[in-house]
Number of protein chains: 2
Amino acid sequence: MNKLEKQSDLILKNNGLSVTSSRKKILEVFLSAETALEHQDIEKIVTQYDRVTIYRTLQTFLDKGIIHPIPTTDNSIKYAVCSETCVKTGHHHDNHVHFFCDKCGKTECLDDVAIPSVILPSGYDMHEINMVVNGTCKTCRA
Amino acid sequence: MNKLEKQSDLILKNNGLSVTSSRKKILEVFLSAETALEHQDIEKIVTQYDRVTIYRTLQTFLDKGIIHPIPTTDNSIKYAVCSETCVKTGHHHDNHVHFFCDKCGKTECLDDVAIPSVILPSGYDMHEINMVVNGTCKTCRA
DNA sequence: AAGCATTTTGCAACAAAGTTGCATTCATCG
DNA sequence: CGATGAATGCAACTTTGTTGCAAAATGCTT
């Protein structure tokens, strides 16, 4: 087992999931991806597994907090692996800005850009906060 | 024509759209809605028109900047009418925070809560910014 | 107000995305 | 290694979104 496989293996075990080849493979895809992925992307990369398996695996990863969803305006949900702390604590706390590139269509986590706090009108109770910036990414502008 | 109908009529004309009964009705639904709506919601309210017409109408409204999309993590896109200035200038500039209630599932525009600015890493070019807060809304908490 | 050109609508057919039940296969643990 | 419970693949189905085309409605001109 190489480093990536070991990491994938460990994450699954730490989350009380049985280690199956589909879960390992899909998780490895996420771990080595530089951008957020949607169901369709996974399906194209991991052709050896059934569509249904991919749906169920994504749902499992979501439930365990291994991946987090990134909101989009294009009838899809993109997912990215949660940060180390996020996976460890089990409590999802995704405090960074996401960037969607209008040119290449890729979404990435800007881990270094923290979401600024906002003050809600009284009566509103905040649980989670998401910030997505659209624009042109580093690669496409270069 | 009541006030709502007049307003709807005016918005369509100002945007160079022919005034058809479906467009008027759908726009009135948006104008009188307190929350953001997705395709499905419209379809349930406006049962007299074809599914396809609703898809096309939403697309037309989007193109003209009459409504704006709000990103979600549930494989849907919610829409809300743009603010006065937004419709007037034709240039979409949606600078407020959106709130999604985990209890009732409704999304609303917090027009009074401005999106704070963020500084992106160098190389990134920002065009648009979206902020969605999840939690419990005023009504559900009361 | 009537006719005409153009746009919009509804229908039908289709494509894509997501869900569910069930039998088979696989991972884990003793 | 064998038993047990979980995960997978398949099939069938539902929902969601798209496209082409004929019919209908809109707005313009007269």
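Keep in mind that this is a model prediction, so the values were computed, not measured.
Counting heavy atoms from C-beta on, the side chains of L58(B) and F30(B) come closer than 4.5 Å. I42(B) places none of its side-chain heavy atoms less than 4.5 Å from the side chain of H39(B). Using a 4.5 Å heavy-atom threshold, the side chains of D112(B) and P121(A) count as separate. With a 4.5 Å cut-off on side-chain heavy atoms, L62(A) and I67(A) count as touching. Using a 4.5 Å heavy-atom threshold, the side chains of Q7(A) and L10(A) count as separate.
For the helix from dA1(C)-dT30(D) to dG30(C)-dC1(D), the axis fitted to the five pairs at one end and the axis fitted to the five pairs at the other end meet at an angle of 40° (nearest 10 degrees).
Partners of T107(B) according to the side-chain hydrogen bond (donor to acceptor under 3.5 Å, both in side chains) rule, which considers only residues two or more places apart in sequence or in another chain, do not exist here. Listed by chain and residue number, M1(B), N2(B), K24(B), E28(B) satisfy the side chain to side chain contact (heavy atoms under 4.5 Å, CB included) test with E5(B) (two or more places apart in sequence, or in another chain). Under the side-chain hydrogen bond (donor to acceptor under 3.5 Å, both in side chains) criterion, S117(A) pairs with no residue at all, not counting sequence neighbours. Annotation: side-chain hydrogen bond (donor to acceptor under 3.5 Å, both in side chains) contacts of T60(A) (sequence neighbours excluded): none. Contacts of Y124(A) classified as ring-ring contact (aromatic ring centres under 6.0 Å, His included), with partners at least two apart in sequence or in another chain: F99(B). The side chain to side chain contact (heavy atoms under 4.5 Å, CB included) check on A80(B) picks up A36(B), H68(B), I70(B), C109(B), with sequence neighbours excluded.
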Going 5' to 3' through nucleotides 12-21 of chain C, assign each nucleotide B (protein heavy atom under 4.0 Å from a base atom), S (under 4.0 Å only from sugar-phosphate atoms) or - (no protein heavy atom that close). B----SBBBB

Its contact letters, B for base, S for sugar-phosphate only and - for none at protein heavy atoms under 4.0 Å, make nucleotides 24-30 of chain C read ---SS--

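A continuous path of hydrophobic side-chain contacts links V19(B) to V81(B) [ILVMFWY only; heavy atoms under 4.5 Å]. If you chain together hydrophobic residues whose side chains sit under 4.5 Å apart, L4(A) and Y79(A) fall into the same group.
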In a table with atom names and distances, give each donor-acceptor pair under 3.5 Å that connects a side chain of residues 133-142 of chain A to protein atoms at least two apart or in another chain.
| residue | atom | partner | partner atom | Å |
| --- | --- | --- | --- | --- |
| N134(A) | ND2 | D102(A) | OD1 | 3.1 |
| R141(A) | NE | G123(B) | O | 3.4 |

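Atom CD of Q59(B) and atom C1' of dT7(C) are 17 Å apart (whole Å).
S18(B) and R23(B) share a donor-acceptor pair across their side chains, judged by distance under 3.5 Å alone.
Scanning DNA chain D 5' to 3' for nucleotides with an atom closer than 4.0 angstrom to a non-hydrogen atom of chain A gives a first and last hit of dA7(D) to dG17(D).
DNA chain C lies under 4.0 Å from no heavy atom of any residue of residues 22-31 of chain A.
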